[in-house]
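Encoded as structure tokens, the structure appears first; notes follow it.
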Amino acid sequence: MKRPYSFNMKIALREAESALSRDEVPVGAVIVDGTTGKIIAKAGNGVERLHDPTAHAEILAIRQACVALGQKRLDGCDIYVTLEPCTMCAGAISHARLRRLYFGAMDLKGGAVENGIKFFERSTCHHVPEIYGGIQEIESHKLLTTFFQNKR
């Protein structure tokens, strides 16, 4: 059963809330089969827990999805993430050949899709997904703002 994009972003928000409960930066990601709507993988940030600077929600979800499908490419799959991806994650999204990228809050400092280097606009980018930003942006932004206010 194919679900509306807001349902999938709510799952990503739950993953972000789970990351928050572990004192991680609250970012969540979900990878969905673009044809069936089936959730293939989901993850929240794991940088602190795993002691790994590459353990962003997107990277962890991409790794899970590749294992679940037994392949290195995720053609026909979509990723939902609560924060605009950074350069590393945008590169992974491109290399995984994800069909669509849906994201919540803009990241003026570290984002690389609508902000920063605008990774997908580079001539050296291998694959450009369809991009939809601002999905449940207020909820995503609120989680991040609360987290960083509590850190100060």
Side-chain angles (χ1 to χ4, degrees), residues 1-50 52 54-69 71 73-116 118-120 127-151:
M1 174 177 96
K2 198 158 180 182
R3 298 180 181 103
Y5 64 83
S6 60
F7 174 86
N8 294 317
M9 189 57 86
K10 284 180 184 172
I11 303 294
L13 281 163
R14 279 193 228 142
E15 290 297 317
E17 289 166 355
S18 179
L20 177 64
S21 74
R22 297 187 307 271
D23 204 32
E24 297 274 1
V25 175
V27 177
V30 175
I31 296 180
V32 175
D33 181 300
T35 303
T36 66
K38 179 183 175 197
I39 293 174
I40 298 167
K42 56 187 178 177
N45 268 357
V47 172
E48 301 299 328
R49 174 176 49 94
L50 298 171
D52 179 355
T54 69
H56 290 194
E58 300 95 309
I59 301 294
L60 296 175
I62 288 169
R63 289 175 183 162
Q64 286 176 25
C66 288
V67 169
L69 297 175
Q71 56 194 42
R73 299 250 168 87
L74 300 173
D75 298 304
C77 294
D78 304 332
I79 188 167
Y80 294 78
V81 62
T82 58
L83 181 65
E84 176 183 357
C86 69
T87 305
M88 174 182 69
C89 293
I93 288 165
S94 177
H95 283 279
R97 304 294 196 269
L98 283 153
R99 181 181 76 153
R100 292 185 181 135
L101 162 62
Y102 297 89
F103 69 90
M106 295 284 181
D107 186 349
L108 301 176
K109 185 176 179 184
V113 178
E114 299 285 332
N115 295 287
K118 299 183 181 180
F119 182 85
F120 297 115
H127 167 77
V128 179
E130 292 177 32
I131 301 166
Y132 303 92
I135 311 298
Q136 293 183 269
E137 182 173 12
I138 293 168
E139 298 92 327
S140 298
H141 186 265
K142 186 177 178 182
L143 273 174
L144 290 157
T145 301
T146 301
F147 174 79
F148 286 112
Q149 283 175 344
N150 291 336
K151 287 290 181 187

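Atoms considered below: every heavy atom in the structure, side chains included; atoms not considered: hydrogens, waters and symmetry mates.
Minimum interatomic distance between Phe119 and Gly91 (heavy atoms only, all atoms of both residues): CZ-CA, 3.6 Å. Scanning all heavy atoms of the two residues, the minimum distance from Gly34 to Asp78 falls at CA-OD2, 3.7 Å.
Judged purely by atom type and a 3.5 angstrom limit, Ser140 uses its side chain to pair as donor or acceptor with the backbone of Thr82. Side chain of Glu84 to backbone of Gly133: no donor-acceptor contact under 3.5 angstrom is found. Under the 3.5 Å distance criterion, the side-chain polar atoms of Asn115 are left unmatched by any main-chain donor or acceptor of Gly111. Of the possible donor and acceptor atoms, one in the side chain of Ser94 sits under 3.5 Å from a partner among the backbone N and O of His127. The main-chain N or O of His141 is found under 3.5 Å from a side-chain atom of Thr145 such that the two form a donor-acceptor pair. Glu24 contributes no side-chain N or O that, together with a main-chain N or O of Pro26, makes up a donor-acceptor pair within less than 3.5 Å. In this structure a side-chain-to-backbone donor-acceptor pair under 3.5 Å is present from Asn45 to Val25.
Side chains of Leu13 and Gln136 form a contact here, defined as non-hydrogen atoms less than 4.5 Å apart. For the pair Arg99/Pro129, no side-chain contact is recorded, criterion being any heavy-atom separation below 4.5 Å from C-beta on. Contact annotation: the side chain of Thr54 approaches that of Arg63 to within less than 4.5 Å [non-hydrogen atoms, C-beta and beyond]. In this structure, Ile39 and Ile31 have side chains that are not in contact, with every pair of non-hydrogen atoms separated by 4.5 Å or more. Phe120 has its side chain within reach of Ile93: a pair of non-hydrogen atoms, C-beta onward, lies under 4.5 Å apart.
Between atom OH of residue Tyr102 and atom CD1 of residue Ile131 there is a gap of 12.0 Å, rounded to the nearest 0.5 Å. Annotation: the span from Lys109 atom NZ to Cys86 atom SG amounts to 13.0 Å, rounded to 0.5 Å.
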Could you go step by step and tell me if Val32 and Cys77 meet the side chain to side chain contact (heavy atoms under 4.5 Å, CB included) rule? CA-CA 6 Å; Val32 175; Cys77 294; over 6 Å; no
Going through the distances and angles, do Tyr80 and Leu101 end up as a side chain to side chain contact (heavy atoms under 4.5 Å, CB included)? CA-CA 6 Å; Tyr80 294 78; Leu101 162 62; over 6 Å; no
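Between Lys38 and Asp33 there is no salt bridge, since no side-chain N of the basic residue sits under 4.0 Å from a carboxylate O of the acidic one.
Using modelled atom types, one finds a donor on one side chain and an acceptor on the other under 3.5 Å when comparing Arg22 with Ser18.
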